[in-house]
Amino acid sequence: MIYTTAILFSLVGYFLIGHLAGRRVKHLDDYLVAGRNAPTFFILGTLVASYLSTSAFLGETGFAYQGYPFVMLIFAAVSTSGCLLGALAFGRYLRRSGARTVPEFFGKRFDSRRVQIIAGLTTIFGLGAYLLGVMQGAGIMFAELTGMPYWVGLVLVWLTYTGFILYSGSPGVMLTDTVMFVIFSLAALGGSIYILQDLGGWHGVIEGLLSQQDKPGIALWHGVIEGQEASFSTPGEALTWGLTLGLVWAAVLAASPWQSSRYLMARNEHVVMRSAMLTAVALAIFYALMMVTGAAINLYNDQLDPERAMVWVALNVLPTWLGVVILTGVFAAGLSSCSTFLSIIGFSLSNDILPASLDEASAMRTSRIAVLAAGLIALGLALFQPPAVMSVVWFAATLFASSWGPVALMSIWSRRITAAGAGWGLAIGFLSNLALSLMVQAEWVSLPVYLHPVVLSTLAALAAILLASRATQVSQAERDYRAFLHQRDPSIEAKWVSGTRWVAICTMLAGVAVGLFLWQQYADTLAALAERFVIPGVTISGAYVLAAGCGSMLLVAGAVGYWVVRPRKLNTQAMRAARS
């Protein structure tokens with residue numbers, strides 16, 4: 001009963017918070033991009049909440065439970081680099097554009113309504129699949145906790161986030177995302193610490209995982225590579241998977257619509273950079289704790305459905321109060337992603353696909369109707385499509401890595417990409433990934449790990465961009481807009497440099513702390529147990545490399561951020577010229 005009460009109370013709470021945020025919505029910019037005045041903490045909250053959903057708490061933690069906690073750390077170390085990549089190479093220029101949606105930015109950059117519509121369509125279909133996955137995860141959570149039917153949970157979840165999006169738009173999504181970020185961060189931290197301490201700390205967990213026989217290798221950096229249910233057959237295959245998918249998700253973090261669109265709400269470009277670095281720190285800490293926690297659940301029960309392992313441990317191992325916090329936190333993660341995805345789908349439909357409205361009132365009305373229509377379609381699909389949380393979410397995310405990734409980066413840094421190149425790149429990257437993924441799922445084709453559908457479709461998108469751009473000419477409007485994007489405002493840069501550099505220093509220190517923590521708690525523990533459990537020296541060396549690599553990613557991210565915002569003579573001269 002207590003879990004049912006907590007979930008229902010949280011639904012009411014998020015609904016009320018979203019409606020309070022809606023009181024400040026007066027204009028279309030308020031509704032779509034929160035007035036472009038969001039501070040660092042709110043952008044941090046919505047970035048992390050948009051990225052971490054029920055897929056992370058149920059699917060990815062379940063993959064760690066299945067036997068691959070440290071492969072997931074390799075994945076996380078590479079993927080979190082996309083936070084800073086996105087801010088430096090795309091996000092701050094996106095904020096500079098003043099667009100209301102990312103497809104609108106593409107339309108402005110290439111002076112092409114056609115490109116804007118193509119980007120809008122990929123947003124709607126791709127995020128529709130993503131929304132389906134996280135809605136199903138929230139429905140599963142509701143059914144597990146309350147004992148009510150799955151469809152009841154789906155409908156209540158849908159009513160909650162659709163209700164406050166219709167009224168408050170982006171401010172409601174941003175505020176509820178930040179509240180949810182705080183809740184599920186505390187939940188992840190508290191639950192992980194309790195479970196690890198209950199099992200004797202990292203040393204006890206590693207020793208226990210080495211001792212069990214059902215999943216041999218789960219405590220090693222490459223995970224389980226023996227047995228019929230092993231996902232990988234060799235350490236090299238596991239490493240290739242972690243690096244390949246890590247790069248894919250780095251592109252997702254850098255350019256996907258649900259991540260990059262958060263930067264449109266930022267107060268300025270320094271807020272973009274600060275929030276990106278802090279997001280990388282938050283994600284690194286989350287994965288370092290939650291993946292090991294997922295594997296540790298095997299020491300309580302090794303016969304669980306992987307995607308329900310976290311729910312089981314919250315109901316059966318943790319104290320009731322902490323279990324309530326954990327499960328409402330997981331539920332909040334799913335709800336935040338649902339609200340983000342639905343808002344982006346609705347905004348893109350009204351702003352990028354439908355004809356432009358004549359005034360702000362009619363534009364806001366069209367946006368709300370689009371949100372409601374998209375939400376009803378998503379609800380209908382979720383009710384009749386069998387749940388498959390992690391597979392659906394990961395499939396949907398890779399669609400944007402192959403289609404949006406190349407076009408987003410080249411729109412800022414390439415002088416030769418044309419509107420035709422951008423349009424064909426978006427379409428070919430999306431459709432080829434969709435077709436290959438469906439063929440692999442249907443077992444019509446079998447691809448090695450290093451030729452994941454997203455890799456092949458990204459290459460296809462790049463080829464389409466190059467060929468189409470070579471066959472067409474860059475217009476003067478495209479040249480002028482790209483030149484505008486590369487102009488800087490020295491007065492804003494000088495005002496915010498000090499705070500951004502301090503955030504960069506904290507990011508570097510966090511990288512050192514994460515690396516040392518994994519070095520001492522994981523690699524040193526494995527080395528101490530090497531003789532007893534006959535662990536190969538190369539495996540121990542791999543553990544040290546993993547620890548150093550996880551810390552190095554944040555160290556490099558902070559160093560690059562610090563270097564980018566260093567004072568420049570060019571800025572000083574420009575400021576003097578402006579004063580005169």
Side-chain angles (χ1 to χ4, degrees), residues 1-22 49-50 52-59 127-169 172-173 175-181 183-184 187 307-308 310-311 314-315 323-346 368-369 371-389 392-393:
M1 181 63 184
I2 187 171
Y3 296 102
T4 303
T5 303
I7 292 298
L8 294 176
F9 179 79
S10 68
L11 287 174
V12 173
Y14 296 136
F15 185 83
L16 292 176
I17 291 170
H19 270 260
L20 289 175
S50 299
L52 295 180
S53 62
T54 47
S55 172
F57 281 94
L58 303 181
L127 281 191
Y130 209 134
L131 175 60
L132 177 63
V134 293
M135 277 185 66
Q136 290 176 332
I140 290 171
M141 283 288 303
F142 188 92
E144 290 276 354
L145 298 178
T146 66
M148 296 183 185
Y150 168 71
W151 69 269
V152 173
L154 280 178
V155 172
L156 288 178
V157 168
W158 179 84
L159 285 172
T160 300
Y161 70 76
T162 304
F164 68 72
I165 292 173
L166 285 174
Y167 176 59
S168 61
V173 172
L175 184 58
T176 53
D177 271 0
T178 303
V179 172
M180 295 172 191
F181 159 69
I183 292 174
F184 67 63
E307 289 197 344
R308 287 171 170 78
M310 204 65 203
V311 176
L315 293 174
V324 169
V325 174
I326 284 281
L327 294 177
T328 53
V330 177
F331 192 73
L335 195 62
S336 69
S337 296
C338 288
S339 63
T340 297
F341 299 151
L342 179 59
S343 65
I344 295 172
I345 292 169
R368 288 180 167 124
I369 293 172
V371 167
L372 180 60
L376 285 170
I377 293 171
L379 176 63
L381 291 173
L383 286 169
F384 297 104
Q385 172 70 26
V389 180
V392 172
V393 168

Quiz item: CE of Met180 to CD1 of Ile17: how many Å apart, nearest 0.5 Å?
Solution: 7.5 Å

Quiz item: To the nearest 0.5 Å, how far apart are CG in Leu379 and CG in Leu131?
Solution: 9.5 Å

Quiz item: Does the side chain of Leu376 come within less than 4.5 Å of Trp158's, by heavy atoms?
Solution: yes

Please tabulate, for side-chain N and O atoms in residues 325-332, each donor-acceptor pair with protein atoms closer than 3.5 Å (sequence neighbours left out).
from   : atom 1 : to     : atom 2 : distance (Å)
Thr328 : OG1    : Val324 : O      : 2.7
Thr328 : OG1    : Val325 : O      : 3.1

Quiz prompt | Gap between atom CE of Met135 and atom CG of Leu154 - 0.5 Å precision | solution = 5.0 Å

Self-check item: Residues in side-chain contact (heavy atoms from CB on, under 4.5 Å) contact with Ile377, at least two apart in sequence or another chain
Solution: Leu381

Exercise. Please report the closest heavy-atom contact between Gly128 and Ile345, naming both atoms and the distance.
Key: N-CD1, 3.6 Å

Quiz item: Which heavy atom in Asp177 sits nearest to a heavy atom in Ala49, and how many Å separate them?
Solution: O-CB, 3.7 Å

Quiz item: Can you find a pair of side-chain heavy atoms, one from Ser343 and one from Val371, that are under 4.5 Å apart?
Solution: no

Quiz item: CG of Leu20 to OG1 of Thr176: how many Å apart, nearest 0.5 Å?
Solution: 11.5 Å

Quiz item: When you look at Leu156 and Leu8, which way does the side chain to side chain contact (heavy atoms under 4.5 Å, CB included) test go after all the steps?
Solution: CA-CA 9 Å; Leu156 288 178; Leu8 294 176; 4.2 Å; yes

